[in-house]
Amino acid sequence: MYKIPKIAVSVIVHLSNDESIPGSVWITEDLLSAAGNPLIEEFLNQKDDDFLSFQSDAGVFRLINKAHITYMETEQDDDEIRSQTSYTPSSMVAHFVNAQTLYGVVYPTLAEETRVSDFLNQQRNFLVLYRQQQKIVFNRNLVIYANTN
């Protein structure tokens with residue numbers, strides 16, 4: 001049997017039912033950035049599957065419905081994105097349907113994304129912001145509104 005090589009990526013998944021679960025997701029090697037960082041947002045935005053495989057740090061294996069992921073905390077920082085863009089980051093506070101709040105900055109990589117409204121209106125379900133330099137991948141479909149300056 002042929003197996004596709006995958007890499008375990010440590011995350012904390014925050015769900016729409018207010019549950020937070022530390023554990024790992026597995027992504028394929030083709031979803032690594034040039035600097036070798038896992039592109040979790042690309043993995044989550046793939047249209048192939050509605051559920052993702054997840055193993056909690058407690059050892060429980062779960063299939064999580066991606067539509068119910070509010071956001072994922074990663075172990076990545078913002079060094080790579082800061083080196084890739086010359087645009088000024090914008091601060092943002094996202095307010096979710098389950099009363100969770102997420103604050104941070106978004107880094108535009110294109111001129112068309114320099115306003116937070118442009119960033120949020122992308123045709124992707126999962127977007128990235130950085131909270132205290134930590135990469136957070138969030139589900140824009142669960143955002144009720146966002147504050148920005």
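The figures that follow rest on heavy atoms only: side chains count, while hydrogens, waters and symmetry mates do not.
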Quick one, Val25 with Ser53, criterion side chain to side chain contact (heavy atoms under 4.5 Å, CB included). Give me CA distance, side-chain angles, the key distance, then yes/no. CA-CA 6 Å; Val25 295; Ser53 298; over 6 Å; no
Atom of Leu120, atom of Ala146 and distance for their closest heavy-atom approach: CD1-CB, 3.7 Å
Between the CG atom in Leu32 and the CD1 atom in Ile27, the distance rounded to the nearest 0.5 Å is 5.0 Å
Count I, L, V, M, F, W, Y as connected when their side-chain heavy atoms are under 4.5 Å apart, and connections chain through other members. Are Phe96 and Ile12 then in the same cluster? no
If you apply the rule side chain to side chain contact (heavy atoms under 4.5 Å, CB included), what do you find for Val97 with Ile144, and how did you get there? CA-CA 6 Å; Val97 297; Ile144 298 173; 3.7 Å; yes
Could you measure the distance from the CD atom of Gln76 to the OG atom of Ser10? Nearest 0.5 Å is fine. 11.0 Å
Tell me which one of Tyr145, Phe138, Tyr103 satisfies ring-ring contact (aromatic ring centres under 6.0 Å, His included) with His95. Tyr145
Go through the steps to decide whether Asn125 and Lys66 satisfy the test side chain to side chain contact (heavy atoms under 4.5 Å, CB included), and finish with yes or no. CA-CA 10 Å; Asn125 293 332; Lys66 293 192 294 190; over 6 Å; no
In this structure, would Tyr130 and Val143 fall into the same cluster of hydrophobic residues linked by side-chain contacts under 4.5 Å? no
What one should report as the nearest heavy-atom pair of Ser83 and Glu80 is OG-O, 2.7 Å
Which pairs, with at least one residue in residues 81-108 and sequence neighbours excluded, count as a salt bridge (Lys or Arg N to Asp or Glu O under 4.0 Å)? Asp78-Arg82, Asp79-Arg82
If the condition is side chain to side chain contact (heavy atoms under 4.5 Å, CB included), which residues does Thr88 pass it with, not counting sequence neighbours? none
d(Leu102 CG, Leu142 CG) to nearest 0.5 Å is 12.0 Å
Is a donor on one side and an acceptor on the other found under 3.5 Å between the side chain of Ser56 and the backbone of Pro22? no
Show your reasoning for whether side chain to side chain contact (heavy atoms under 4.5 Å, CB included) applies to Leu129 and Val105. CA-CA 5 Å; Leu129 68 72; Val105 297; over 6 Å; no
Cluster check Ile69, Leu127: I/L/V/M/F/W/Y, side chain < 4.5 angstrom: no
Cluster link Tyr107 to Tyr87, ILVMFWY, side chain under 4.5 Å: no
Out of curiosity, does Leu39 fall in the hydrophobic cluster containing Val137 (side-chain heavy atoms, cut-off under 4.5 Å, transitive links)? no
So CD1 of Ile81 and CD of Gln133: to nearest 0.5 Å the spacing works out to 13.5 Å
Pro108 backbone acceptor or donor facing Thr85 side chain under 3.5 Å: yes
I'd like to know if the side chain of Gln134 reaches the main chain of Thr74, judged simply by a donor and an acceptor atom lying under 3.5 Å from each other, with no hydrogens or angles considered. yes
Donor-acceptor pair, Arg140 side chain versus Asn121 backbone, under 3.5 Å? no
Treating Lys135 as the side-chain partner and Val128 as the backbone partner, does any N or O pair qualify as donor plus acceptor under 3.5 Å? no
Separation of Arg131 CZ from Met92 CE (nearest 0.5 Å): 12.0 Å
Can you tell me if Asn45 uses its side chain to pair, donor with acceptor, with the backbone of Phe126 under 3.5 Å? yes
When rounded to the nearest 0.5 angstrom, what is the spacing between CG in Leu44 and CG in Leu52? 6.0 Å
Atom of Asp118, atom of Thr114 and distance for their closest heavy-atom approach: OD2-N, 4.5 Å
Can you run down the ring-ring contact (aromatic ring centres under 6.0 Å, His included) pairs that involve residues 17-73, sequence neighbours left out, and say none if there aren't any? His14-Tyr71
